[in-house]
Participant: 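Here's a structure for you.
Here, residue 1 is the first one in the sequence, and each next residue gets the next number.
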Amino acid sequence: VQLQASGGGLVQAGDSLRLSCAAPERTFSNYAMGWFRRAPGKEREFVAHITWSGSSTDYADSVKGRFTISRDNAKNTVYPQMNSLKLVDTAVYYCAARLRYGSRIGNEYNYWGQGTLVTVSS
């Protein structure tokens, strides 16, 4: 599964941004999609994940209520909508895929995208 993340950029605190992660494979709908991020000087951390069907989602406490993850299996794309962005959200965001059900553990994902940089300024 080849993943292509996009949508990052420079925004101000309080702004919104929508990332996307696309995969060309027809089997995309079989995969749960996760998002992780790595802030400068920090370890990678879980952000959100969505099951293969989109019926269930999970969020890190740090983004709960601000971020919403959704997917469009017809377009082979998953979208994290990020609202009320904070300075601490500055990071490289990565999408990842694993079969069926999501996980908060990065090592349980089999496929990773290249990352897209989100910079939040004051």
Side-chain angles (χ1 to χ4, degrees):
V1 177
Q2 295 182 333
L3 304 176
Q4 182 70 36
S6 61
L10 174 63
V11 297
Q12 291 189 323
D15 284 352
S16 297
L17 195 64
R18 189 177 80 159
L19 306 181
S20 63
C21 180
E25 284 78 6
R26 291 177 296 169
T27 56
F28 174 82
S29 61
N30 294 336
Y31 289 84
M33 300 299 297
W35 281 87
F36 294 79
R37 66 186 182 186
R38 187 189 298 273
K42 296 188 177 181
E43 295 185 353
R44 184 181 64 193
E45 65 174 354
F46 165 74
V47 175
H49 68 68
I50 185 167
T51 55
W52 63 278
S53 65
S55 62
S56 179
T57 57
D58 186 27
Y59 299 92
D61 288 345
S62 59
V63 306
K64 193 172 297 183
R66 299 189 297 121
F67 290 15
T68 302
I69 189 169
S70 62
R71 67 188 295 157
D72 184 342
N73 286 342
K75 296 182 178 180
N76 289 359
T77 305
V78 61
Y79 305 99
Q81 175 68 42
M82 307 187 297
N83 298 329
S84 303
L85 284 163
K86 304 177 180 179
L87 297 179
V88 296
D89 293 321
T90 295
V92 177
Y93 284 74
Y94 299 89
C95 59
R98 68 189 299 265
L99 283 173
R100 305 290 285 183
Y101 300 104
S103 170
R104 291 186 170 212
I105 303 173
N107 289 343
E108 294 186 351
Y109 287 80
N110 306 104
Y111 307 98
W112 290 82
Q114 84 287 0
T116 184
L117 175 62
V118 174
T119 304
V120 184
S121 65
S122 59

Participant: Between S6 and S20, do the side chains contain an N or O donor and an N or O acceptor separated by less than 3.5 Å?
Facilitator: yes

Participant: Is any side-chain heavy atom of M82 closer than 4.5 Å to one of V11?
Facilitator: no

Participant: Do V47 and W112 land in one hydrophobic cluster if side-chain heavy atoms of ILVMFWY residues count as linked below 4.5 Å?
Facilitator: no

Participant: Measure from the side-chain N and O atoms of T77 to the backbone N and O of K75, and report whether any donor-acceptor pair falls under 3.5 Å.
Facilitator: yes

Participant: Treating Ile, Leu, Val, Met, Phe, Trp and Tyr as nodes and any side-chain heavy-atom pair under 4.5 angstrom as an edge, say whether L17 and Y94 lie in one connected cluster.
Facilitator: no

Participant: If you measure from the Lys or Arg side-chain nitrogens to the Asp or Glu carboxylate oxygens, is any gap between D61 and K64 under 4.0 Å?
Facilitator: yes

Participant: Are the side chain of N76 and the backbone N or O of E25 linked by a donor-acceptor pair below 3.5 Å?
Facilitator: yes

Participant: Compare all side-chain heavy atoms of N110 with those of Y31 and state whether any distance is below 4.5 angstrom.
Facilitator: no

Participant: Find out whether T68 and Y59 are in side-chain contact, i.e. whether some heavy atom of one side chain is under 4.5 Å from a heavy atom of the other.
Facilitator: yes

Participant: Do L99 and M33 share a hydrophobic cluster, counting only Ile, Leu, Val, Met, Phe, Trp and Tyr and linking them when any side-chain heavy atoms are less than 4.5 Å apart?
Facilitator: yes

Participant: Closer than 3.5 angstrom, by distance alone: can the side chain of Y109 be matched with the main-chain N or O of S103 as a donor-acceptor pair?
Facilitator: yes

Participant: Please say whether the positively charged group of R104, taken as NZ for Lys or CZ for Arg, lies over the ring of F46, i.e. under 6.0 angstrom from the six-membered ring centre and within 45 degrees of the axis.
Facilitator: no

Participant: Quick check against the 3.5 Å criterion: does Q4 have a side-chain atom that pairs as donor or acceptor with the backbone of G113?
Facilitator: no

Participant: Can you find a heavy atom in the side chain of K86 that is under 4.5 Å from one in the side chain of R66?
Facilitator: yes

Participant: With E45, which residues qualify under side-chain hydrogen bond (donor to acceptor under 3.5 Å, both in side chains), at least two apart?
Facilitator: R37

Participant: Near Q2 CD, under 6.0 Å, is it more than 12 heavy atoms from other residues, nucleotides or ligands?
Facilitator: no

Participant: Evaluate the side-chain proximity of R71 to T57: yes if any heavy-atom separation is below 4.5 Å, no if none is.
Facilitator: no

Participant: Is it true that a side-chain atom of D15 and a backbone atom of L10 form a donor plus acceptor pair closer than 3.5 Å?
Facilitator: no

Participant: So, do C21 and W35 sit near enough that their side-chain heavy atoms are less than 4.5 Å apart?
Facilitator: yes

